[in-house]
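What follows is a set of notes on a single structure, which appears directly below.
Just so it is clear: chains get the letters A, B, ... in the order the sequence lines come, proteins before strands, and each one is counted from 1.
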2 protein chains.
Amino acid sequence: MLNNQTEPQAGDQELDGVFHALADPTRRAMLVRLCEGPATVSQLAEPFGMSLPGIVQHLQVLEASGLIRSEKIGRVRSCSVNPAAVRRAENWLGQRRTPGERRLDRLESFLDTQPPH
Amino acid sequence: MLNNQTEPQAGDQELDGVFHALADPTRRAMLVRLCEGPATVSQLAEPFGMSLPGIVQHLQVLEASGLIRSEKIGRVRSCSVNPAAVRRAENWLGQRRTPGERRLDRLESFLDTQPPH
DNA sequence: CTGATTGTTAAGCACATACTTAAGTATTCG
DNA sequence: CGAATACTTAAGTATGTGCTTAACAATCAG
């Protein structure tokens, strides 16, 4: 180790993209919509007062992050959530626990093993 | 409702800040460090090959998002995680489940109620 | 008081982001 | 075929982000 500094790790890049994609309210709203089921670009655009190209750019950010996938059939592009990417971001946050929180976690799981009354 | 468009909701702004703060690898590394316990600005800076002002700017982003808090005592600023903010972001992601995932969730919780064997 | 430590403020720069309008490309419908 | 539909591409613009260096506090230690 000639370099003592903290370097960005592999896997970090994925989180960069995922959290950046999530940092925009329009993109989060699209993700919420897609959790109800697949939708086309126009369907996703409909709730927003924004030009189509603007919408498409947001979709590109979401797709580049891995949070959604899309497939074009004929002239229609169908978009859907990639649950695995959402779960990875959720899990990263799940691991961010202080020692205090971890103690509470262990107490709770201990209590779960005790029969009621 | 004269406006049919989707407007950013209250509470969205908080998530904007939190996810934006999380989108940077340096800031995530700082958060990881702070989950082990409070630290000063210099201690947080030490692993990174970056100027102090750069570090302080990252800390300001983290604090503005609510993910961390800090207090200056004498000439030293002590920083610590705000677990509640981390949990809110985690919970938002936890709610992003497709109908398919929700079915699996229900199956698992049903199996948990069954005695083993 | 003097000087070292710890952090802060200000200014600037390169690059990224979030839009826009205008024009283009497939694909399907009549 | 010709027109409508559903995007796509390109280009431009205003604003934001992630750094930097230089200069400025404020506090503690001798």
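Under 3.5 Å, the side chain of B:R75 and the base of C:dT6 form no donor-acceptor pair of N or O atoms. For C:dT20, the base has a donor-acceptor partner in the side chain of A:Q57 [N/O atoms by modelled type, under 3.5 angstrom].
Annotation for B:H20 and A:A23: closest pair N-CB, 3.5 Å, computed over non-hydrogen atoms.
Among the nucleotides D:dG18, D:dT8, C:dT9, the one closest to the side chain of B:P53 is C:dT9. For B:D24, counting side-chain heavy atoms from C-beta on, the closest listed nucleotide (D:dG18, C:dT9, D:dT20) is D:dG18. Side chain of A:S51, nearest nucleotide from D:dA6, C:dT20, D:dT20: C:dT20.
Distance CG (A:L44) to C1' (D:dC7): 13 Å, rounded to an integer number of Å. Following rounding to the nearest Å, A:I73 (CD1) and D:dC7 (P) show an atom-to-atom distance of 12 Å. Look at CD on A:E46: it is 16 Å from P on D:dT5, rounded to the nearest Å. In this entry the distance linking CD of A:Q60 with P of D:dC7 reads 13 Å, nearest Å. Per the geometry, CG belonging to B:L62 stands 10 Å off P belonging to D:dG18, to the nearest Å. Atom CZ of A:F19 is separated from atom C1' of D:dG18 by 19 Å (rounded to the nearest Å). One interatomic measurement links the two molecules: CG of A:L59 to C1' of C:dC19, which rounds to 15 Å at whole-angstrom precision. One atom, CG of B:L52, and another, C1' of C:dT8, lie 9 Å apart when rounded to the nearest Å.
Contact check, A:S42 against D:dT5: no side-chain N or O comes under 4.0 Å of OP1 or OP2. Contact annotation: A:K72 side-chain N/O to C:dT27 OP1/OP2 distance is not under 4.0 Å. A close approach under 4.0 Å does occur between a side-chain nitrogen or oxygen of A:R77 and OP1 or OP2 of D:dT8. Dashed line: the shortest gap from a side-chain N or O of A:H58 to OP1 or OP2 of C:dC19 is under 4.0 Å.
Both the sub-6.0 Å distance and the 45° axial angle are satisfied by A:R96 relative to the ring of A:W92.
A:G74 comes within 4.0 angstrom of the backbone, heavy atoms only, and of no base.
Taking a cutoff of 4.0 Å between a charged side-chain nitrogen and a carboxylate oxygen, B:R77 and B:E71 do not qualify as a salt bridge.
By the neighbour-count criterion of 12 heavy atoms within 6.0 Å, atom CZ of A:R33 is densely surrounded, having more than that number from other residues, nucleotides or ligands.
Counting heavy atoms from C-beta on, the side chains of A:L31 and A:L22 come closer than 4.5 Å.
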